[in-house]
Engineer: 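Okay, handing you the structure first.
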Amino acid sequence: MSLTDAVIDLLSTTLAQADFFPRLSQQRRVYEAVRSGILLQQLNSGTKLPSSRALATGLGVARNTVIAAFEQLMAEGYVTTSIGSGTYVAPSLPHSIDLKQGKPVSSEQRGSFSGNRISSLADESDSASTQINHLSQRGQQLTQFAAGSRFEIQPFAPGDPDFSHFPFKLWQRLQNKVWREAHPDLLDYGSAGGFLPLRSAIVDYLRISRSVKVSIDQVVITSGTHQSLDLCAQLLADVGDLAWVEDPCYWAARRVFESCDLNLHPIAVDAEGIAPTASDLLTQPKLIYVTPSHQYPTGVVMSLARRRMLLDLALQKNAWILEDDYDSEFRYSGRPLASLQGLDTHGRVVYMGTFSKTLFPGIKVGYLVVPPRLTDAFKTGLYDLQRPGQMTVQAALADFINLGHFATHIRKLRQAYGAKRELLVKTLSSHLGGKVTISGEESGLHLLVEFKNDVDDVSLARLAAESGLEVRALSDYYLSSPVRRGLLIGYAYVSPEKIAYYGRQLAQVIRAGTHA
Ligand SMILES: Cc1ncc(COP(=O)(O)O)c(C=O)c1O
């Protein structure tokens with residue numbers, strides 16, 4: 001058997017396992033199969049992978065699927081390539097440890113392909129399902145239903161910002177300045193609540209642009225919304241407590257609450273936002289998680305009446321409202337919307353923001369605005385549970401905001417995203433005409449396309465992924481049976497030159513998938 005055949009054989013065997021990422025697209029499954037072969041040292045450093053054409057034929061998938069999977073593996077450092085010579089497993093890998101055992105493994109311990117040497121396939125104990133058995137029930141639940149995409153940087157991935165606008169040189173200067181003057185305090189764990197000048201800058205920003213009622217003491221810097229949600233769940237709810245979540249809902253909120261053993265109670269979303277029914281009102285939530293400025297994923301803006309109702313309800317039920325204001329900076333028409341927190345007169349709202357969308361996701365800086373009576377508890381909770389840090393980044397960010405660069409950057413992004421959004425809407429409308437409705441495009445980084453006829457949006461998203469277009473199916477975000485189906489399409493990341501091209505490609509996929 002040639003090396004090419006042996007590698008194809010290994011990957012086909014992996015892909016044939018019924019429990020091998022059954023819900024992911026072909027592209028991601030191919031990526032996962034190669035990646036797991038590398039991590040399990042079945043494919044060793046230096047091994048030449050089959051050509052994309054040979055692999056596509058061998059696996060029975062489109063060549064583009066293999067090319068896109070290779071590109072992702074290359075971006076993450078698992079493989080290298082040189083023109084005319086082929087694709088090889090990288091000499092040093094991003095993760096060269098056995099995740100299961102936590103220590104490096106030798107190729108003798110595993111069946112491996114190294115250069116042109118081929119030994120046996122991995123034994124059964126390496127299969128994904130057996131790895132799962134080593135986990136706690138909670139661990140099994142969490143890993144089996146993992147919802148986050150590893151393929152974030154792809155055309156139309158919802159939520160990805162356009163990194164090309166980020167002022168790298170300026171940021172480098174600000175970081176250098178911090179390092180030149182680095183005070184020992186900046187190198188220690190973060191102080192209670194985060195770097196004071198950053199908290200102060202956030203107060204000024206939130207008061208003016210989001211009508212948030214806030215003093216410095218109420219601001220707690222976190223490493224983003226995930227951590228903010230986790231802290232709220234840990235500090236404000238007990239195991240088994242009820243959390244109301246919007247249905248459809250942001251997958252990460254759902255995952256964090258599940259990991260804290262809260263019971264999720266989905267509440268339908270209508271044209272005015274979260275819409276509890278009479279039977280929902282009989283339940284006793286401890287937390288109510290909402291995205292009022294731009295409901296994730298539908299894009300609905302919560303009406304004033306609904307905001308008032310929710311605040312009254314939280315007071316009556318002694319519940320906390322968690323307001324996730326993740327992308328409110330990007331509103332393309334009309335006045336910016338005020339926050340729900342700004343209407344709260346009883347201190348029932350915990351407000352959360354993030355720099356993931358305005359700067360870049362990897363910065364991992366977000367913040368909470370907690371009611372005055374919770375400030376000490378949150379600082380203690382953060383310090384004890386999460387051990388905050390990244391003070392040098394917080395210091396550079398404080399300068400970035402205080403020197404006016406943040407406001408300029410947002411203005412620039414808003415303009416750029418507004419133009420891309422318009423182009424995408426125009427392209428989709430001209431190719432799909434009255435066959436779809438487009439909504440949620442007034443703000444944020446994605447829009448929602450829904451179909452006039454009954455369409456399986458999950459299959460459609462998978463079809464799009466095979467062309468390298470990372471749209472998401474609306475029905476995947478529902479906890480109960482989906483009542484709407486559609487595709488979430490992010491337009492921020494794609495370059496303006498390419499947006500019409502990818503838009504046409506997507507329209508073709510939609511036409512093919514919906515027989516429109
Ligand atoms: C609804 C929602 N909230 C928050 C975030 C940001 O989370 P983080 O700050 O952890 O990056 C996202 C990212 O996509 C989101 O969609």
Side-chain angles (χ1 to χ4, degrees), residues 146-154 156-163 166 194 198 202 210 219-233 243-257 259 264 266 269 273-274 287-302 321-331 337 339-341 350-369 382 386 388 390 393-394 397 413 417 440 443-448 470-474 476-479 488-493:
S149 170
R150 286 208 178 95
F151 282 76
E152 291 293 346
I153 305 178
Q154 293 264 74
F156 298 142
D160 257 355
D162 184 346
F163 305 106
F166 188 69
L198 177 59
I202 289 172
R210 309 294 309 121
V219 177
V220 177
I221 308 290
T222 66
S223 64
T225 309
H226 285 57
Q227 194 187 56
S228 298
L229 287 165
D230 190 55
L231 208 53
C232 289
W244 277 11
V245 293
E246 296 164 321
D247 199 26
C249 173
Y250 177 39
W251 62 268
R254 178 174 167 181
R255 307 270 299 142
V256 169
F257 295 154
S259 77
L264 300 189
V269 170
I274 193 167
L287 303 178
I288 303 175
Y289 168 76
V290 282
T291 44
S293 303
H294 189 228
Q295 201 274 328
Y296 194 89
T298 63
V300 167
V301 175
M302 194 185 290
I321 297 175
L322 310 184
E323 177 179 16
D324 179 355
D325 208 17
Y326 67 106
D327 69 356
S328 56
E329 289 83 2
F330 302 112
R331 187 161 175 78
L337 300 165
S339 63
L340 171 63
Q341 192 266 11
V350 178
Y351 175 92
M352 46 189 82
T354 179
F355 290 98
S356 288
K357 306 293 155 194
T358 46
L359 297 183
F360 53 97
I363 194 169
K364 289 276 45 158
V365 179
Y367 48 88
L368 285 162
V369 176
L382 181 73
Q386 319 275 6
Q390 297 273 43
V393 174
Q394 292 188 27
L397 181 52
L413 287 182
Y417 295 168
S443 55
L445 309 180
H446 73 266
L447 50 80
L448 178 64
E470 189 66 10
V471 296
R472 304 266 160 77
L474 175 60
D476 268 347
Y477 293 82
Y478 278 90
L479 276 86
L488 271 70
I489 306 171
Y491 45 79
Y493 169 70

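Everything quoted here is computed from the prediction, not taken from an experiment. In each ligand, atom 1 is the first atom listed, and ligand 1 is the first ligand listed. Positions are given from 1 along the sequence.
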Engineer: On a heavy-atom basis, which atom in Y491 and which in S443 lie closest, and how many Å separate them?
Structural biologist: OH-O, 3.9 Å

Engineer: Take Y351 and Y367 through the test side chain to side chain contact (heavy atoms under 4.5 Å, CB included) and record every step on the way to the result.
Structural biologist: CA-CA 8 Å; Y351 175 92; Y367 48 88; 4.0 Å; yes

Engineer: Please determine, by modelled atom types, if D162 and Y417 share a side-chain donor-acceptor pair under 3.5 angstrom.
Structural biologist: no

Engineer: Parallel, tilted or perpendicular: which fits the ring planes of Y493 and F163, with parallel below 30° and perpendicular above 60°?
Structural biologist: perpendicular

Engineer: Pairs under 3.5 Å, N/O atoms on ligand 1 and on the protein: can you put them in a table with the distances?
Structural biologist:
residue	atom	partner	partner atom	Å
ligand 1	3 (N)	D324	OD1	3.4
ligand 1	3 (N)	D324	OD2	2.6
ligand 1	7 (O)	T225	OG1	3.4
ligand 1	9 (O)	T225	N	2.8
ligand 1	9 (O)	T225	OG1	2.9
ligand 1	9 (O)	T354	OG1	2.7
ligand 1	9 (O)	S356	OG	3.4
ligand 1	10 (O)	T225	N	3.1
ligand 1	10 (O)	H226	N	3.2
ligand 1	10 (O)	H226	ND1	2.8
ligand 1	10 (O)	K364	NZ	3.1
ligand 1	11 (O)	S356	OG	2.7
ligand 1	14 (O)	K357	NZ	3.0

Engineer: Specify the closest pair of heavy atoms between K357 and P161, including all atoms of both residues, with the distance to one decimal.
Structural biologist: O-CB, 3.7 Å

Engineer: Does Q386, at its CD atom, have more than 12 non-hydrogen atoms belonging to other residues, nucleotides or ligands within less than 6.0 Å?
Structural biologist: yes

